[in-house]
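I have placed the structure first, in the form of structure tokens, so that the comments after it can refer back to it.
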Amino acid sequence: MMDTRAEYREKVKEMGKKEFTFQKMQEYGFWPSHLPTPYERQQNETEEDFKRRKQLIDEYDKLSEKIAKLYKDKREIDIKLSSLKKEYQDTWDYEKIRAVVSQEIMKESIARRAERKAERERQKQLKTEAWQKKKAENILFIGRGYSGLLAQKETNVEKLQENHLPILETDKDLAALLQVEYATLRHLTYHRDVVTFDNYHRFDIPKKSGGMRHIAAPKTKLKAAQRQILDQILEKIPVSDMAHGFLKSKSVVTGAKVHQTRPDLLINMDLENFFPTITFERVRGLFQSFGYSGYIASLLAMICTYCERMPMEIKGETKYIKTSERILPQGSPASPMITNIICKRMDQRIFGLCKKLGFTYTRYADDMSFSYIGDTEQISIGGFLHSIQKIIEEEGFSVKQEKTHILRKNNRQYVTGIVINNDEIGVPRKWVKVLRASIHNAEQLQKSGQKLSKETRMEIKGKIAWLRSVNATRYQKIIHQGLNVLGNEI
């Protein structure tokens with residue numbers, strides 16, 4: 001008995017419309033009963049079958065789109081052809097009709113190409129404007145070879161907070177911290193190989209040991225920014241107890257006082273090219289170690305480093321040409337503290353070795369001093385120096401071999417210019433002798449009724465201040481003489 005409509009509806013509801021339809025197609029012979037339906041195949045298909053089916057469907061969709069487009073073009077052509085047939089129904093000149101159709105199609109094609117070209121130009125202009133706006137609002141490039149970490153924007157806020165450092169996540173934050181305009185920050189953090197304006201005053205000063213020391217002193221805006229970095233960031237980072245250079249409450253005097261007077265052995269060492277050894281990459285890594293992102297660390301490192309340059313006349317204009325990679329300048333207010341922080345691990349490693357062997361160790365910038373009290377026959381000086389040099393080289397520095405001095409009790413022992421092989425610390429006798437001569441000459445000038453020059457007064461005043469800081473009790477008499485000379489003209 002044929003199923004009723006109600007029974008059909010019940011089966012459709014139970015099986016689903018598509019499954020019910022395929023069942024009926026099999027019953028009436030429209031679908032072979034021994035073949036699975038598409039839905040049965042889909043339920044049992046493997047992953048490869050699914051991918052293949054998906055690929056075929058995608059290809060089918062693409063072909064359908066192409067066919068639809070072709071039908072659309074054909075309809076447009078048929079409409080045009082019908083219109084032209086009406087226009088030329090009296091002549092039925094098909095060649096003329098085809099020529100006109102071709103011209104019309106060509107005109108439309110040219111018009112479409114012009115529209116597409118105009119749209120591409122518009123999109124290009126929009127992209128250019130967006131890029132220019134982004135460049136104006138963000139520092140995206142700081143120079144070839146130095147921009148590699150600008151995409152790293154992750155800041156370790158927790159680490160910065162532990163060190164009580166300012167949170168800097170954007171270049172705007174940095175500009176605010178440095179108290180500079182954003183345009184100024186962009187200028188200070190951009191490196192060019194050739195510049196017409198140099199941010200540094202460059203000059204040479206003679207070394208006591210001979211030769212010249214290259215000094216690069218930053219100009220006003222850059223120096224102010226470096227000072228802010230020193231005050232707001234660097235001075236909050238602890239350094240080793242062995243460091244005595246460029247630190248508040250420490251000096252060459254405090255470094256000398258750490259060593260006992262008249263030690264059985266004193267070794268002085270110098271580091272080779274101390275400031276130039278500290279490169280842009282090392283300074284950037286230092287700021288990253290504080291918790292700053294690669295982006296902010298790169299900007300900070302650009303402000304704190306410079307490159308050697310030489311002036312050159314080009315087409316009547318003075319240009320400054322890069323002659324080195326970016327390194328730490330000796331004249332920057334931030335550089336000394338950067339060296340102390342970078343040397344912290346080296347100081348700790350050397351201190352551990354010295355403590356084990358009975359040595360006392362101090363460092364003032366690139367001057368390192370090691371003193372020993374006891375029987376020197378019990379130690380291997382060569383082995384000790386080799387171990388120290390190994391640590392220094394592992395930390396990225398090198399020893400200036402010609403400046404290594406091994407001093408015993410019968411030598412004049414000094415630590416960063418302070419003599420320590422007397423019962424109390426002092427300055428070299430020759431230095432005192434020169435000061436006495438200066439005071440005597442000043443007294444003779446005053447007796448003859450002449451006034452001391454400003455340079456002479458400043459020289460005597462400075463040397464007296466130095467003697468006071470070293471050992472005011474020991475040099476009390478000459479200090480008094482100098483003050484009397486100066487006081488005679490007050």
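- Sorted by first and then second residue, the salt bridge (Lys or Arg N to Asp or Glu O under 4.0 Å) pairs involving residues 407-426 (not counting sequence neighbours) are R262-D423, D264-K409.
- Annotation: side chain to side chain donor-acceptor pair (under 3.5 Å) contacts involving residues 152-162, sequence neighbours excluded, are absent.
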Which donor-acceptor pairs under 3.5 Å do the side chains of residues 321-337 make with protein atoms, sequence neighbours left out?
residue : atom : partner : partner atom : Å
K322    : NZ   : E325    : OE2          : 3.4
T323    : OG1  : E308    : O            : 3.0
S324    : OG   : E308    : N            : 2.8
E325    : OE1  : Y146    : OH           : 2.9
R326    : NE   : T305    : OG1          : 3.1
R326    : NH1  : H191    : ND1          : 3.2
R326    : NH2  : M302    : O            : 2.8
R326    : NH2  : T305    : O            : 2.6
S332    : OG   : Q226    : OE1          : 3.0
S332    : OG   : A334    : N            : 3.1
S335    : OG   : P329    : O            : 2.5

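- Enclosure of atom CD in E108 by more than 12 non-hydrogen atoms of other residues, nucleotides or ligands within 6.0 angstrom is indicated.
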Which pairs of donor and acceptor atoms, one on a side chain in residues 384-395, lie under 3.5 Å apart (sequence neighbours left out)?
residue : atom : partner : partner atom : Å
S387    : OG   : G383    : O            : 3.1
Q389    : OE1  : Q401    : NE2          : 3.1
Q389    : NE2  : E393    : OE2          : 3.0
E394    : OE1  : R349    : NH1          : 3.2
E394    : OE1  : R349    : NH2          : 2.5
E395    : OE1  : R345    : NE           : 3.2
E395    : OE1  : R345    : NH2          : 3.2
E395    : OE2  : R345    : NE           : 3.1
E395    : OE2  : R349    : NH1          : 3.0

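- Pairs engaging residues 142-152 under the salt bridge (Lys or Arg N to Asp or Glu O under 4.0 Å) rule: R144-D193 [sequence neighbours left out].
- Considering only residues two or more places apart in sequence or on other chains, Y475 meets the ring pair (Phe, Tyr, Trp, His ring centres under 6.0 Å) condition with none of them.
- Checked for salt-bridge contact, K463 and E459 meet the test: a charged N lies under 4.0 Å from a carboxylate O.
- Checking side-chain atoms of S369 against main-chain N and O of N268 turns up no donor-acceptor pair under 3.5 Å.
- Under the rule for a salt bridge (charged side-chain N to carboxylate O under 4.0 Å, His left out), the partners of R363 that lie at least two apart in sequence or sit in another chain are D347.
- Judged as a ring pair (Phe, Tyr, Trp, His ring centres under 6.0 Å), and not counting sequence neighbours, the contacts of Y306 are Y200.
- Among residue pairs with one or both ends in residues 234-243, those qualifying as salt bridge (Lys or Arg N to Asp or Glu O under 4.0 Å) are E235-K248; sequence neighbours excluded.
- D198 meets the salt bridge (charged side-chain N to carboxylate O under 4.0 Å, His left out) test with R202; sequence neighbours excluded.
- Identified under the salt bridge (Lys or Arg N to Asp or Glu O under 4.0 Å) test for residues 286-301, with sequence neighbours left out: none.
- Distance alone, capped at 3.5 Å, places no donor-acceptor pair between the D270 side chain and the K403 backbone.
- You'll find the side chain of V239 stays beyond 4.5 Å of the side chain of I237, heavy atoms only.
- Ion pairing of K62 with D58 is absent here, as no side-chain N (NZ or NE/NH1/NH2) approaches a carboxylate O to less than 4.0 Å.
- Looking at residues two or more places apart in sequence or on another chain, you find a ring pair (Phe, Tyr, Trp, His ring centres under 6.0 Å) between Y361 and F370.
- Counted by atom type alone, E121 and Q125 present zero donor-acceptor pairs between their side chains at under 3.5 Å.
- Ion pairing of K319 with E317 is present here, as a side-chain N (NZ or NE/NH1/NH2) and a carboxylate O approach within less than 4.0 Å.
- Using modelled atom types, one side-chain atom of D173 and one backbone atom of T170 make a donor-acceptor pair closer than 3.5 Å.
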